[in-house]
Protein chains: 2
Amino acid sequence: MEVRKRKPRADALRNRERLVETAKDVLGKGGPDASLEAVARQAGVGIGTLYRHFPTREALFHAVFSRDLERLVETAEGLKGSNDPLEALRDWLHANVALVETKRGMLGALSIVMTEESKEAYSAQSERILAALNGLLKQAADAGQIREDVTAEDLLQTMYALCYSREPGPDWRARVLRLLDIFIDGLKR
Amino acid sequence: MEVRKRKPRADALRNRERLVETAKDVLGKGGPDASLEAVARQAGVGIGTLYRHFPTREALFHAVFSRDLERLVETAEGLKGSNDPLEALRDWLHANVALVETKRGMLGALSIVMTEESKEAYSAQSERILAALNGLLKQAADAGQIREDVTAEDLLQTMYALCYSREPGPDWRARVLRLLDIFIDGLKR
DNA sequence: TTGAAAACGGAGGGCCCCTCCGTATATGCT
DNA sequence: AGCATATACGGAGGGGCCCTCCGTTTTCAA
């Protein structure tokens with residue numbers, strides 16, 4: 001309570017900043033399996049420094065993409081009460097795929113949302129996303145629009161899987177969206 | 001044409017055999033990213049020997065799982081003319097998932113079928129699978145059972161993606177099958 | 001100014017990929 | 001049986017990446 005801590009060191013702040021900035025670039029292109037040593041190198045910082053600031057891969061992804069994630073969260077929450085909840089879900093998922101196309105690293109951030117272990121650590125946004133989507137699902141289910149046994153996790157896992165299962169290419173987005181749409185159609189009753 | 005080659009050396013045959021046998025084990029459990037050095041080690045053979053016999057990861061996967069793949073091919077071909085082609089497809093896909101649950105390495109073999117580059121190298125079985133599935137799809141489409149713009153690749157990619165997107169766990173199979181079924185429902189018109 | 005807290009950075013142990021080449025050996029032909 | 005040589009073996013070695021640990025440097029604050 002009363003522990004007066006020193007002011008955070010300037011170099012630490014600077015490095016942290018550089019790392020996030022560089023990671024945005026490297027992870028953005030490289031996706032969830034990109035090399036962290038490459039990030040450190042390109043940031044002109046020792047690998048130890050990277051790991052001190054971001055003890056886990058997830059931590060880094062979260063630092064880099066939480067802004068984008070937050071936007072997704074807000075969009076999802078804004079959809080509540082939509083009068084065509086299923087279409088709203090579809091739009092949201094499409095936006096998500098588009099985002100992944102640009103920032104491949106989002107897959108890393110999304111996997112955080114999906115993984116049981118890390119979900120705990122970054123629960124705030126995970127919970128909100130899941131809650132918002134589940135809300136829409138319930139709405140759609142109550143309206144008799146879709147089956148009742150589908151969860152937000154199902155949706156996210158499927159989208160994630162489809163995005164991840166193929167390297168980006170010319171028709172990447174079209175393919176993923178098409179398959180995703182088929183899945184969404186499958187939700188209808 | 002007339003080059004009489006020497007008989008293949010006995011030790012070569014032996015090692016090849018050991019490798020495939022060991023790989024069946026290691027890759028079976030480890031999935032498509034398993035360590036090849038581990039295979040060589042466990043087979044009591046130099047890593048160089050492994051790479052000489054199987055120049056690429058795909059080659060090894062193919063050697064190990066082509067029998068299983070062949071069975072899938074034959075099953076698929078046996079489905080031709082089924083009077084409920086969509087259900088036939090579903091069954092086939094389910095069997096596929098079940099196989100992957102047991103032999104995680106099958107994912108490696110399946111990715112061969114899916115990848116443009118390696119498809120060429122192992123085209124025989126790829127072609128047959130795709131042909132058989134496309135046959136069923138056409139049948140189902142002609143019967144007005146499903147939409148017409150779906151290809152065998154779509155089916156395989158989706159199944160592969162769903163299988164790959166999560167580590168095995170207690171409810172792995174159930175989840176994958178459920179999502180797969182939703183997708184299949186989405187094919188209906 | 002100066003001492004200690006805070007941060008840095010990279011060496012090092014582990015594991016893996018794949019290639020290359022000196023060494024060993026099974027074959028086939030005298 | 002003996003020998004030459006085509007074949008095969010194996011592992012060192014160059015590259016990478018992951019992550020930890022700790023001696024050195026820098027910053028803050030008294």
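Applying the salt bridge (charged side-chain N to carboxylate O under 4.0 Å, His left out) test to pairs two or more places apart or on separate chains, those with a residue in residues 59-72 of chain A are D68(A)-K103(A), E70(A)-R128(A). Legend: salt bridge (charged side-chain N to carboxylate O under 4.0 Å, His left out) pairs involving residues 35-51 of chain B, not counting sequence neighbours: none detected. Legend: salt bridge (charged side-chain N to carboxylate O under 4.0 Å, His left out) pairs involving residues 149-158 of chain B, not counting sequence neighbours, sorted by first then second residue: R175(A)-D154(B), R178(A)-D154(B), K119(B)-E153(B), R147(B)-D149(B). Counting only residues at least two apart or in different chains, ring pair (Phe, Tyr, Trp, His ring centres under 6.0 Å) contacts with residues 170-189 of chain A are absent.
Phosphate contact (OP1/OP2 of dG10(D), side-chain N/O of T49(B), threshold under 4.0 Å): present. Checking the phosphate oxygens (OP1, OP2) of dA8(D), no side-chain nitrogen or oxygen of N15(B) falls inside 4.0 Å.
Heavy-atom distances under 4.0 Å link DNA chain C to no residue of residues 19-32 of chain B. Of all the residues in residues 35-43 of chain B, not one reaches under 4.0 Å from DNA chain D with any non-hydrogen atom.
Across the interface with DNA chain C, nearest-nucleotide mapping of D11(B) and I47(B) shows I47(B) to be the residue nearer the 5′ end. For the pair D33(B) and H53(A), nearest-nucleotide mapping onto DNA chain C gives the more 5' position to H53(A).
Contact annotation for R57(A): backbone-only contact, meaning every heavy-atom pair under 4.0 Å involves sugar-phosphate atoms and none involves a base.
For K7(A) and dC28(D), the NZ to P distance is 6 Å, given to the nearest whole Å. Rounded to whole Å, atom P of dA11(C) lies 17 Å from atom OH of Y51(A). The CG-C1' distance, from L13(B) to dT25(C), rounds to 15 Å in whole Å. Atom C1' of nucleotide dT25(C) and atom CZ of R52(B) are separated by 13 Å, given to the nearest angstrom. Rounded to whole angstrom, the span from the CG atom of L60(B) across to the P atom of dC17(C) amounts to 11 Å.
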Donor-acceptor pairs under 3.5 angstrom involving side-chain atoms of residues 130-145 of chain A: please list them, not counting sequence neighbours.
| unit_1 | atom_1 | unit_2 | atom_2 | d |
| --- | --- | --- | --- | --- |
| N134(A) | OD1 | A152(A) | N | 3.0 |
| N134(A) | ND2 | L130(A) | O | 3.1 |
| K138(A) | NZ | D142(A) | OD1 | 3.4 |
| K138(A) | NZ | D142(A) | OD2 | 2.8 |
| Q139(A) | OE1 | G81(A) | N | 3.2 |
| Q139(A) | NE2 | S82(A) | O | 2.8 |

Pairs of donor and acceptor atoms involving the side chains of residues 43-52 of chain A, under 3.5 Å and at least two apart or interchain, shall be tabulated with distances.
none

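Every residue was checked against the ring-ring contact (aromatic ring centres under 6.0 Å, His included) condition with H53(B), not counting sequence neighbours, and none meets it. With sequence neighbours excluded, no residue satisfies salt bridge (charged side-chain N to carboxylate O under 4.0 Å, His left out) with E74(B). For D25(B), the salt bridge (charged side-chain N to carboxylate O under 4.0 Å, His left out) partners at least two apart in sequence or on another chain are K29(B).
Judged by distance alone, with hydrogens and angles left aside, the side-chain atoms of S35(A) form a donor-acceptor pair with the main-chain N or O of A38(A) at under 3.5 Å.
Using a 4.5 Å heavy-atom threshold, the side chains of D11(B) and R14(B) count as touching.
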Protein-nucleic acid N or O pairs under 3.5 Å, nucleotides 1-4 of chain C:
none

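The base of dA7(C) does not come close enough to the side chain of R9(A) for any donor and acceptor atom to sit less than 3.5 Å apart.
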